[in-house]
Protein chains: 2
Amino acid sequence: MEKDAGDVREYGEKMQRFFDSRRRMPSFSELMVLWGYKTKSAVHYRVEQLLEAGFISKDRSGHLLPQWETGVRLLGLVEAGFPSPAEEELLDVMDFDQYLTPNKESSYILKVKGDSMIDAGIQPGDMVIVERKAQYKPGSIVVANVDGEYTMKYLRKTAGTPPAGGFFLEPANKNYKPIYPSESFRIEAVVIAVVRKY
Amino acid sequence: MEKDAGDVREYGEKMQRFFDSRRRMPSFSELMVLWGYKTKSAVHYRVEQLLEAGFISKDRSGHLLPQWETGVRLLGLVEAGFPSPAEEELLDVMDFDQYLTPNKESSYILKVKGDSMIDAGIQPGDMVIVERKAQYKPGSIVVANVDGEYTMKYLRKTAGTPPAGGFFLEPANKNYKPIYPSESFRIEAVVIAVVRKY
DNA sequence: GAGTGTATAGAACGTTCGTTCTGTAGTCAA
DNA sequence: TTGACTACAGAACGAACGTTCTATACACTC
């Protein structure tokens with residue numbers, strides 16, 4: 001048995017490529033074309049193999065469901081090291097789309113210019129994901145409009161109790177100075193994530 | 001006309017939530033339940049409205065296709081500022097999954113421990129996406145196995161021409177020292193992206 | 001060469017899909 | 001009160017879907 005486990009995986013990979021590009025599972029007719037068969041029963045034969053192999057599954061109506069992990073394998077700390085192939089199935093996976101933007105409606109992506117937040121680990125060229133909110137809490141990194149220009153800073157609370165509003169903006173770079181509300185700024189969004197690609 | 005444009009959007013949003021959770025478009029029968037109708041023709045009536053509104057579209061076989069952007073809106077530099085609702089449709093969008101892990105097979109995610117790369121903008125607690133490769137180039141950030149422990153450093157080339165192999169590991173933190181091949185290390189993967197979430 | 005298992009073709013079937021047509025209750029305006 | 005329009009219900013239809021059964025061509029074994 002399983003003399004052609006390699007072949008079976010080949011068929012599965014073709015289906016996986018279809019899913020990756022079209023973002024949905026193929027129908028039997030589409031698999032017919034994709035796999036080069038002339039009948040749906042030949043497709044059914046192959047699908048049955050993939051089902052037994054656990055590569056795919058079905059919903060109540062017979063439509064195919066992907067069974068492979070759609071995310072990326074998640075390792076522990078850097079110290080933990082890389083897993084052996086046998087350990088791979090124990091790993092968690094991650095879906096970046098849902099992890100980074102749980103609320104797509106109010107989320108935006110900004111490309112960072114300038115080094116005013118470099119000590120916070122945000123470098124020029126990085127992308128930050130920001131979210132518009134009704135209220136902003138001190139301690140978070142916010143994008144604010146100061147005199148018509150947009151800037152990214154820490155949101156801080158002044159020491160005194162709130163007669164003067166009590167907020168100011170603090171950069172994470174010694175070469176820049178804090179911005180106080182006398183100059184009147186408006187907070188536009190809060191940074192919820194940073195993404196850098198090399 | 002369009003006396004109930006608000007209602008139409010409500011139906012669209014319900015469909016969008018279905019798509020977000022199930023990762024596929026609903027069928028007419030499913031929309032029937034989702035929208036609380038007793039017949040598919042009522043669904044057809046609503047779907048026609050959403051089609052005219054450009055909220056969805058159809059493929060050749062009549063199945064529904066999402067027409068809304070599935071990614072996140074991409075703004076320019078921080079200086080550019082936020083767009084008005086009218087400008088929104090001009091924005092690009094981004095899909096983080098494809099952007100961050102173009103090659104899911106050989107990609108892993110690691111959680112960073114320690115501050116040895118803090119001057120490179122990689123802080124403890126950040127997640128780095130690494131990729132296994134056949135060869136690694138100097139200048140990139142790599143994850144290496146040094147005496148059984150895993151560590152993340154810059155990969156550098158020694159000044160002299162390559163008799164001694166010519167590679168060493170350099171941290172991005174003055175408090176740590178470079179690691180030279182005399183201690184014999186093995187490079188496991190290269191860092192292709194950094195993700196931090198607040 | 002007879003038997004067995006694999007891999008496909010071909011045809012037929014019931015279900016689900018999206019479509020279409022007819023009907024009707026309700027609203028609004030003339 | 002009539003007419004036009006909206007928002008559904010209900011039924012019927014063809015196309016596409018996944019399933020199943022039979023047949024066949026080929027390889028391998030005994």
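In what follows, chains are A, B, ... by sequence order, proteins preceding strands, each numbered from 1.
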- Note on the structure: With both pairing distances under 3.5 angstrom for Watson-Crick or G-U wobble, and | for a partner in another strand, the correct string for DNA chain C is ||||||||||||||||||||||||||||||
For nucleotides 22-25 of chain D, which of its nitrogen or oxygen atoms have a protein nitrogen or oxygen under 3.5 Å away, and what is each distance?
none

Are any side-chain N or O atoms of [X] and backbone N or O atoms of [Y], one a donor and one an acceptor, separated by less than 3.5 Å?
X	Y	value
Y154(A)	M117(A)	no
N173(B)	D115(B)	yes
R196(B)	G121(A)	yes

How long is the span from the [atom1] atom in [X] to the [atom2] atom in [Y], to the nearest 0.5 Å?
X	Y	atom1	atom2	result
I56(A)	E48(A)	CD1	CD	9.0 Å
M25(A)	E30(A)	CE	CD	11.0 Å
L31(A)	Y11(A)	CG	OH	11.5 Å

- Under 4.5 Å between side-chain heavy atoms, hopping through other hydrophobics if needed: is there a path connecting M152(B) to Y176(B)?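 No.
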- Message: Between Y37(B) and L34(B), is there shared hydrophobic-cluster membership here, with clusters defined by ILVMFWY side-chain heavy atoms closer than 4.5 Å?
- Response: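 Same hydrophobic cluster.
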- Could you tell me whether the side chain of I109(B) reaches within less than 4.5 Å of the side chain of V195(B), counting heavy atoms only?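 No, side chains not in contact.
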- Message: What I'd like to find out is whether the side chain of K137(A) reaches to under 4.5 Å of the side chain of V190(A), using heavy atoms alone.
- Response: no
Value in whole Å for how far the [atom2] atom of [N] lies from [atom1] of [X]:
X	N	atom1	atom2	value
E52(A)	dT6(C)	CD	C1'	14 Å
R46(A)	dG18(D)	CZ	C1'	18 Å
L64(A)	dA16(D)	CG	C1'	15 Å
D59(B)	dA16(D)	CG	P	11 Å
H44(B)	dA7(D)	NE2	P	16 Å
L51(A)	dT20(D)	CG	C1'	16 Å
Y45(B)	dC5(D)	OH	P	12 Å

- For K197(A), look at atom NZ and say whether over 12 heavy atoms of other residues, nucleotides or ligands are found less than 6.0 Å away. yes
- Query: Is any side-chain nitrogen or oxygen of Q49(A) closer than 4.0 Å to OP1 or OP2 of dT6(C)?
  - Reply: no
- Interface with DNA chain D, restricted to residues 25-41 of chain B and to heavy atoms under 4.0 Å: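 The answer is Y37(B), K38(B), T39(B), S41(B).
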